[in-house]
Amino acid sequence: MQFVGDFEGVIKQLVQSQNANVLVYDSIAPSLEDALCGTVPVAVGQGFYLRTDNDLLGTGGNRANGFSEHVHAKVAFTQGGTGMVTGTLHGAGLNGSVFLSTRP
């Protein structure tokens, strides 16, 4: 994980892993705790993960905040078989508003 600051009080984040653990669920749990402790994944595997954020803590004042996450991994399904999973999430925010865009 890399943190870089170029504005006073603003931290940028870059996280990248070639061998990240990937868990695939068939529904969205109400909380991270429920997802990790109360739900069984439908597939597990390892692959590429990338996360970027130009204002990690939201301290940049009156300017837009952009972030994204991307995963591409080979997974084994709990019911048998293997497959590939690819997903991307992009987000932008300003003054407490957040706009999201996803791609399967």
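Predicted model only: the values in this text are computed from it and were never measured. Only this structure's heavy atoms are used, side chains among them; waters, hydrogens and symmetry mates stay out.
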Are V71 and E69 close enough that some pair of their side-chain heavy atoms sits under 4.5 Å apart?
no
To the nearest 0.5 Å, tell me how far T88 OG1 sits from L50 CG.
9.0 Å
Any side-chain heavy-atom pair from D53 and V15 closer than 4.5 angstrom?
no
Any side-chain heavy-atom pair from Q16 and F48 closer than 4.5 angstrom?
yes
Let me check something: any side-chain donor-acceptor pairs from residues 17-24 under 3.5 Å, sequence neighbours excluded? List them with distances.
unit_1, atom_1, unit_2, atom_2, d
S17, OG, N19, N, 3.2
S17, OG, A20, N, 3.2
N21, OD1, Q46, NE2, 3.2

Can you name the closest pair of heavy atoms from A43 and F77 and give their distance?
CB-CD2, 3.7 Å
Could you pull out the closest heavy-atom pair between T78 and P41, with the gap in Å?
CG2-O, 3.2 Å
With no hydrogens and no angle check, is any side-chain donor or acceptor of H70 less than 3.5 Å from a backbone partner on G87?
yes
Nearest heavy-atom neighbours spanning G47 and A73
CA-CB, 3.6 Å
